[in-house]
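Start at 1 and go down the list; that is how both ligands and their atoms are numbered.
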Amino acid sequence: MNYTNSLPKIIQGGMGIGVSSWRLAKVVSQHNQMGVVSGTAIDSVVARRLQLGDPDGSIRRALEHFPFPQMVENILNRYYIPGGKAPNEPFKLIPIHSVNMHRLSVELAIIANFVEVYLSKEGHDGIVGINYLEKIQLPTLPSIFGAMLAGIDYILMGAGIPLLIPGIIDKLSALKPVELRLSVEDNPSNENFYTYFNPKQYCDSKIKELKRPKFLAIVSSDIVAKTLVKKASGIVDGFIVEGYIAGGHNAPPRRTEKASSTNIQKFSERDIPNIPKIAELNRPFWLAGGYASPQKLKEALSQGASGIQVGTAFAFCKESSIVPSIKQKIINKCLDGSLDVYTDFKASPTGYPFKMVRLEGTMTDPKMQQIRKRICDLGYLRRLYFIKTSEVGYRCPAEPVDHYLRKGGTIEETLEKQCLCNGLMATIGLGQVRDYGIEPPIITSGEDYSPIINIVKQAGEDYSAKDVIEYLSS
Ligand SMILES: Cc1cc2nc3c(=O)[nH]c(=O)nc-3n(C[C@H](O)[C@H](O)[C@H](O)COP(=O)(O)O)c2cc1C
């Protein structure tokens with residue numbers, strides 16, 4: 001395979017929900033590295049930013065460049081509030097995704113992904129990627145299409161094995177109809193369920209084809225990487241190889257016999273990715289999870305990697321969307337060595353391990369856990385389950401327990417589950433207003449926060465993404 005040597009050495013990892021927004025990705029790309037926006041729940045993010053009045057006009061500026069004005073008008077009419085909503089008013093919700101999505105939901109997914117990518121690419125020629133989670137399937141097809149309409153350069157996908165996505169990207173670039181097979185639980189005869197998207201129903205004949213972005217799969221083992229090379233529906237252009245100390249979700253630990261008998265989950269040597277085996281696959285790859293230092297970058301290059309992907313160091317920089325007061329608390333804790341990051345094997349409704357930061361006033365605070373009432377009104381992590389032929393239901397183990405049980409779920413699955421959708425929205429200042437106050441935030445970070453200490457020493461607590469890049473390249 002012929003790869004250009006213009007690959008970036010540093011990829012700023014996609015961080016959802018909205019942590020790596022266009023502002024962060026743009027700065028990274030302007031400094032000749034790859035900025036990555038997060039496509040996770042971006043339709044709710046854009047709808048809520050519009051309800052805050054789009055104060056700097058950026059969303060409306062991007063929308064002026066969206067090729068189909070009628071779609072824009074519908075979205076602005078529904079969500080834009082000039083001057084912003086009152087602080088104690090709840091956000092208007094967007095419709096929860098389902099297999100047969102309403103046209104307006106599809107249009108919002110297209111538009112929101114377009115906006116985020118358009119703004120991240122505005123005014124420079126740097127490369128930009130967008131990150132999606134394989135586990136969230138329902139909005140994927142229109143989301144990718146929206147990002148492609150804005151000329152996205154790379155699509156990165158983790159939290160699952162995205163075998164079907166490369167072929168979907170090929171078809172979308174030729175404006176052909178696409179389908180995605182859905183995972184459905186409790187599906188005794190393995191009946192197939194699909195979500196469909198036909199780009200021609202959403203664009204006019206002005207557009208003949210779209211640039212095919214490159215596709216990078218985020219993997220944690222050479223076995224998954226090899227499977228993707230052999231079995232994916234199209235070309236996988238490279239890999240992000242992520243170890244288990246990385247922020248966000250991690251791949252589940254491989255079961256040892258002892259762990260299976262005790263039912264205790266923990267990571268071990270067996271979960272460390274085999275880099276030489278990945279290198280044998282002859283595709284570009286970047287190492288992630290505790291690689292944010294000049295020494296680790298050199299080490300990665302010497303192992304045949306094209307570079308590194310970094311999350312945590314960027315998550316708390318000036319341009320990330322985490323609310324400034326949370327950033328400051330985290331940086332203070334990094335500096336005095338008291339930041340408590342742990343792997344929570346139960347919290348995420350995806351069933352994957354998730355890195356959590358223990359912090360007062362957030363969902364890890366027992367006080368907040370008592371105050372918060374379970375609700376599922378964003379629904380991105382709802383799982384599909386089989387009801388009868390041609391009919392599925394939707395359930396999330398973090399929803400109210402009685403609802404979950406009524407839908408055939410078990411009590412064990414609900415234990416210690418956190419609502420990542422609402423919690424992560426709150427972390428970027430878009431938390432829903434409830435009768436008890438605002439939804440408590442959920443903070444994730446990598447286990448290795450030493451890069452933050454090193455960068456703050458050089459550039460101060462208000463460091464920027466540019467300082468992160470300069471530190472890593474030094
Ligand atoms: C706040 C935060 C949110 C993250 N969210 C995502 C995400 O939505 N999707 C994803 O693939 N990775 C996500 N990650 C992982 C990063 O993209 C990156 O691979 C990882 O942070 C690299 O390891 P490091 O944290 O040691 O730098 C997230 C990481 C952080 C710190």
Side-chain angles (χ1 to χ4, degrees), residues 10-21 24-25 28 34-42 45 116 129-136 143 154-162 165 215-220 239-251 273 285-293 296-297 300 305 307-317 319-323 326-327 330 334 339 341 343 348 350 352-357 359 362 380-381 420-421 423-428 441-452 454-455 465 468-469 471-472:
I10 302 167
I11 299 180
Q12 161 259 304
M15 294 179 280
I17 297 174
V19 171
S20 61
S21 72
L24 172 55
V28 174
M34 192 197 297
V36 179
V37 293
S38 167
T40 303
I42 195 69
V45 170
E116 198 66 0
I130 191 162
N131 175 284
Y132 298 108
L133 304 183
E134 207 269 340
K135 280 259 174 185
I136 300 180
S143 296
Y154 278 81
I155 289 177
L156 299 89
M157 198 179 256
I161 308 179
I165 303 299
F215 179 72
L216 303 182
I218 304 170
V219 299
S220 299
F239 296 100
I240 309 293
V241 184
E242 202 182 62
Y244 61 80
I245 67 168
H249 282 101
N250 308 126
F285 63 96
W286 289 259
L287 301 184
Y291 274 87
S293 76
K296 286 291 229 180
L297 171 56
I308 54 178
Q309 172 166 287
V310 171
T312 301
F314 286 111
F316 303 102
C317 78
E319 294 87 355
S320 106
S321 298
I322 295 182
V323 292
I326 296 179
K327 265 188 231 175
I330 299 281
C334 289
L339 191 72
V341 185
T343 307
S348 173
T350 61
Y352 282 13
F354 187 69
K355 289 282 182 295
M356 296 273 257
V357 175
L359 194 68
T362 71
Y380 291 94
L381 297 178
L420 291 195
C421 297
L424 293 174
M425 282 297 233
T427 306
I428 57 165
I442 289 178
I443 322 291
T444 179
S445 160
E447 271 178 38
D448 179 14
Y449 57 86
S450 62
I452 297 180
N454 295 331
I455 297 162
V468 179
I469 293 168
Y471 165 70
L472 296 173

Which atoms of ligand 1 sit under 4.0 Å from any heavy atom of [X]?
{"X": "G13", "value": "17 (O)"}
{"X": "I218", "value": "11 (O)"}
{"X": "G289", "value": "22 (C), 23 (O), 26 (O)"}
{"X": "Q309", "value": "17 (O), 18 (C), 19 (O), 22 (C)"}

Original post:
Would G290 count as a contact of ligand 1 if the rule is a heavy atom under 4.0 Å away?
Top reply: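 G290 counts as a contact of ligand 1 under the 4.0 Å cut-off.
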
Original post:
Taking the non-hydrogen atoms of G16, is any one of them nearer than 4.0 angstrom to ligand 1?
Top reply: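 Contact check G16 vs ligand 1: positive.
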
Do the side chains of [Y] and [X] get nearer than 4.5 Å, heavy atoms only?
{"X": "M15", "Y": "V36", "answer": "no"}
{"X": "W286", "Y": "L216", "answer": "yes"}
{"X": "F316", "Y": "S445", "answer": "yes"}
{"X": "I442", "Y": "T362", "answer": "no"}

Tell me which one of [options] gets a heavy atom nearest to [atom].
{"atom": "atom 7 (C) of ligand 1", "options": "A315, G248, G14, S20", "result": "G14"}
{"atom": "atom 27 (O) of ligand 1", "options": "G311, S445, G446", "result": "G311"}
{"atom": "atom 2 (C) of ligand 1", "options": "I11, T427, T444", "result": "T444"}

Subject >> Verdict with reasoning, E319 to F314, per side chain to side chain contact (heavy atoms under 4.5 Å, CB included) >> reply: CA-CA 8 Å; E319 294 87 355; F314 286 111; over 6 Å; no

Original post:
Given L424 and T40, is the side chain to side chain contact (heavy atoms under 4.5 Å, CB included) satisfied, shown in steps?
Top reply: CA-CA 11 Å; L424 293 174; T40 303; over 6 Å; no

Original post:
Would you say E242 has any N or O atom under 3.5 Å from an N or O of ligand 1, going by distance alone?
Top reply: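 Indeed, backbone or side chain, E242 has an N or O that close.
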
Original post:
Between D448 and ligand 1, does any nitrogen or oxygen pair lie at a separation below 3.5 Å?
Top reply: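 No; the residue has no nitrogen or oxygen that sits under 3.5 Å from a nitrogen or oxygen of the ligand.
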
Subject >> Separation of I330 CD1 from Y449 OH (nearest 0.5 Å) >> reply: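 The CD1 atom of I330 is 10.5 Å from OH of Y449, to the nearest 0.5 Å.
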
Original post:
Roughly how far, to the nearest 0.5 Å, is CD1 of I443 from CD1 of I326?
Top reply: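 Answer for the CD1-CD1 pair, I326 versus I443, is 4.0 Å.
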
Any idea which protein heavy atom is nearest [atom], and the distance to it?
{"atom": "atom 3 (C) of ligand 1", "result": "M15 CB, 3.4 Å"}
{"atom": "atom 24 (P) of ligand 1", "result": "T312 OG1, 3.7 Å"}
{"atom": "atom 15 (C) of ligand 1", "result": "G247 O, 3.3 Å"}

Original post:
Passes side chain to side chain contact (heavy atoms under 4.5 Å, CB included), I10 versus I469? Steps please.
Top reply: CA-CA 8 Å; I10 302 167; I469 293 168; 4.3 Å; yes

Heavy-atom distances under 4.0 Å are what count here, so tell me which part of [X] touches ligand 1: side chain, backbone, both or neither.
{"X": "A246", "answer": "both"}
{"X": "L133", "answer": "side chain"}
{"X": "N131", "answer": "side chain"}

Original post:
Can you say whether the rings of H249 and F354 are parallel (under 30°), tilted (30 to 60°) or perpendicular (over 60°)?
Top reply: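 Ring orientation of H249 relative to F354: tilted.
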
**OP:** Look at atom CD1 of I161 and say whether more than 12 heavy atoms of other residues, nucleotides or ligands are closer to it than 6.0 Å.
**Re:**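 It does not: I161 CD1 has 12 such atoms or fewer within range.
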
